[in-house]
*Asks:* 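This is the structure I have questions about; it appears just below.
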Amino acid sequence: MKKLEQFLTQIFVVGFGLVMACIVILFVSKEPFTAIKYFFLGPFSSRYFLGNMLSYTIPLIVTGLAGCVSFSASVWNLGLEGQMYFGMLCGTYCAYCLSSMPAVFAVPIALLVAFLAGGGVAAISAFLDHKMHVDVMVSSLLLANAIYYIVNFVLEGPFNDPASGAGVASPRINKSFMLPQFFPPSDLHLGLFIALALVAVVYIMMEYRILGYEIRITGKNPLFAGYGGINTSRVAAQAMFLSGGLAGLAGTIDILGTQGRMLAYMSGFGWDGISIALIARNNPITTVFVAFFFAFLQKGAENASLFSDISPDIAQIIQAAILFLVTGEALFDFLKKRKRLREETR
Amino acid sequence: MLYDQINSFLFTIIATSTPTLLASLGGLMTGLSGMFNVGLEGMMLVSAFFSVYTANATGSLILGLAAGVGINMLLGLVMVFIAEKLKADIFVVGIAANLLATGLTTFLGMWLLGLKGTLLFEKAPRLKLLDIPLLGDIPLLNGLLNGHHLIDYLGIVLAIVLYLVVFYTTYGRHLRAVGINPWVANARGISVDKVRYSSYLWCGFLCGLAGASLSLPIGAFMGGPIGMTNGRGWLAMAVVIVGQDNPLRILLVSWAFGAISALADIIQATTNFSPRLMMAFPFIGALLITALYSAGKGWGRSAANNG
């Protein structure tokens, strides 16, 4: 019953978000119906837009998973963006250095390095938590901000391609390392299946493996877990490392699939991953759908801004509105009470 | 010479630490009531936008300040309403507030001004540096305390006022009681709802001032994921942890954090160390301070852990 109510809340809140989107568009747009049409139908209107939306979903799924793993253990890793950014840099640099190697070896090595780099940043937070009792939330956020500037420094100086023509960017990696794109003319790439495989791995780990069980128990009730003989601080550190590693993977998969080089900008995939995991209630399978929905909102808004007069940032406003309400356990009770009140006063 | 340099260094600390100080005082008030607000960064951004926009539109600083603070208090009320009445997780609500702030300010910038990135408000009156004649005669204090913005002074005064409120008034006792155990507080006849709503009003008010202190002196607004707040909301969370539930300690800690920023500025100006790399310095310094402090103290008792 509880599960059903949570599911209904999720559906209701998403619907509410979409209705709010329409209202905002009606309010600010000069041609609201065109804007709404492009917002909702644009991403599905051609192979190009559909493929790009799915391609945008890929890193969101992986950062969403990263959020799920740490949040399940009640480890509030809010530094996903920093872990992703650092993982991206290391993965791209590694792929760049291994240019002469065959892709079969170089790509897995680059992905592994990205995983370890992202996980390494997360491990700093885990270490500070374990040894010095620094709140993971605060340390991961501070690290994310520091990393943003450090990575940009590297991209502007030592690892920069002055002739990139795309703002501050790294040199291109070897073309043969790129994950094959299979849905032309869009840039949807093989990373989709890597992401879905990761979903399966995380799902199996969380549901059927001992570590997943330990993570969930530690998240629900650390005291109980401790009495049961689980080393909760070890479990929390493991969850943190996995989470950072996944975040590192997310950015690198995107680079190997689409850009082929690292651009100095905040992609925001890490921040989105936090929201996605929270809305999906740490369920890896639901994460796929929420990530797709976020990609739809983003691409729909971009589409509406391309063919009409809506600023693409409306996507973030809707995501925020959903996030505001989605954990509202008493949402339905509240609505029912209001209805009863209105009937009584009538 | 050295004396002058030290004096100007201390002066810079007071000037740069104001937004962090105000935001962490806001975070403290919510933490004391047991519902720590992780949306400090977002709240500051919202106020930074609305205050300078209103100041530009009306030509009045007071109205600008009132708009920034007012919108923020409204946002605080909405947040606590969703958490208390709809039983939502206040942590998630805080994250939603951050997301909303980035999206909303960029969206409004596009809609109202047709611009993205740095928005200049040329008609907005600037927040002036104050010259207090009384201080003119005292050599040391004059160099240190004279010539700040109004909000800089407000920050220090509010830290002292909040210290008195938290520790020496009935309201402060109720606030702390609710944070320690809402059920017991409720049984003792304290209205938990009222206390929590009021703590978010405080937070909105303080973060509103913090945001206004960023945008009003320069008459401009920078939005986006790394906006003009530039991680000060996150720094404030670290300040609350190290400040340990005490507004006066929060004042000292945010000065310590400000000292790191000021030091970074000096290194940047006097050596050819990369300015980009220097921007990471305050965050690493804050992390080190927090780590050293927490290692000495142990955890579980700060306001940030109550939420």
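Here the structure is a predicted model, which means the values were calculated and not measured. In what follows, every chain begins at residue 1, and chains take the letters A, B, ... in the order their sequences are listed.
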*Asks:* Can you tell me how far the CG atom of B:Leu287 sits from the OG atom of A:Ser140, to the nearest 0.5 Å?
*Replies:* 9.5 Å
*Asks:* Does any heavy atom of chain B fall under 4.5 Å from the side chain of A:Ile318, the backbone, both, or neither of them?
*Replies:* neither
*Asks:* Check the pair A:Ser275 / B:Leu99 against side chain to side chain contact (heavy atoms under 4.5 Å, CB included), numbers first and verdict last.
*Replies:* CA-CA 9 Å; A:Ser275 316; B:Leu99 189 61; 3.8 Å; yes
*Asks:* Which pair of non-hydrogen atoms, one from B:Met79 and one from A:Phe324, has the smallest distance, and what is that distance?
*Replies:*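 Smallest interatomic distance, heavy atoms only, reads CG-CE2, 4.0 Å.
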*Asks:* Grab the two heavy atoms, one from B:Ala291 and one from A:Val134, that are nearest each other, plus how far apart they are.
*Replies:*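 Residues B:Ala291 and A:Val134, closest heavy atoms: CA-CG2, 3.4 Å.
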*Asks:* Where does A:Leu78 contact chain B at under 4.5 Å (heavy atoms): side chain, backbone, both or neither?
*Replies:*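 When you check distances to chain B, only side chain atoms of A:Leu78 fall under 4.5 Å.
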*Asks:* Considering non-hydrogen atoms only, spot the tightest contact between A:Met137 and B:Phe91 and give its length.
*Replies:*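 Looks like SD-CE1, 3.4 Å.
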*Asks:* Taking all atoms of both residues into account, what is the closest heavy-atom pair of B:Ile284 and A:Ala146, and its distance?
*Replies:* CG1-CB, 3.8 Å
*Asks:* Determine the minimum heavy-atom distance between A:Asp313 and B:Gly103, stating which atoms define it.
*Replies:*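 The pair with the smallest heavy-atom distance is CB-O, 3.7 Å.
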*Asks:* In terms of heavy-atom proximity below 4.5 Å to chain B, should A:Leu128 be classed as side chain, backbone, both, or neither?
*Replies:*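 Answer is side chain: those atoms of A:Leu128 sit under 4.5 Å from chain B.
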*Asks:* Begin from the C-alpha positions of B:Leu100 and A:Gln316 and carry the test side chain to side chain contact (heavy atoms under 4.5 Å, CB included) through to its verdict.
*Replies:* CA-CA 7 Å; B:Leu100 178 75; A:Gln316 272 179 326; over 6 Å; no
*Asks:* Could you check whether any side-chain N or O of A:Thr327 sits under 3.5 Å from a backbone N or O of B:Asp89, counting only pairs where one atom can act as donor and the other as acceptor?
*Replies:*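 Judged by distance alone, yes, a pair lies under 3.5 Å.
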*Asks:* Below 4.5 Å from any heavy atom of chain B, which atoms of A:Ser139 appear? Answer side chain, backbone, both or neither.
*Replies:* both
*Asks:* What verdict does the side chain to side chain contact (heavy atoms under 4.5 Å, CB included) test give for B:Phe281 and A:Tyr149, after you've listed the backbone C-alpha separation in whole Å, the side-chain angles of each residue and the deciding distance to 0.1 Å?
*Replies:* CA-CA 9 Å; B:Phe281 201 71; A:Tyr149 292 114; over 6 Å; no
*Asks:* Dump the intermediate steps for side chain to side chain contact (heavy atoms under 4.5 Å, CB included) on B:Phe107 and A:Val24, then the final yes or no.
*Replies:* CA-CA 11 Å; B:Phe107 183 82; A:Val24 173; 3.8 Å; yes
*Asks:* Does the side chain of A:Asn145 come within less than 4.5 Å of B:Trp234's, by heavy atoms?
*Replies:* yes
*Asks:* If I measure from the heavy atoms of chain A, does B:Val78 come under 4.5 Å with its side chain, its backbone, both, or neither?
*Replies:* neither
*Asks:* Identify the two heavy atoms, one from B:Ser294 and one from A:Met132, that lie closest to each other, and give their separation to 0.1 Å.
*Replies:* CB-O, 3.1 Å
*Asks:* With a 4.5 angstrom heavy-atom cut-off, which part of A:Ile314 approaches chain B: side chain, backbone, both or neither?
*Replies:*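 Contact with chain B: backbone and side chain both.
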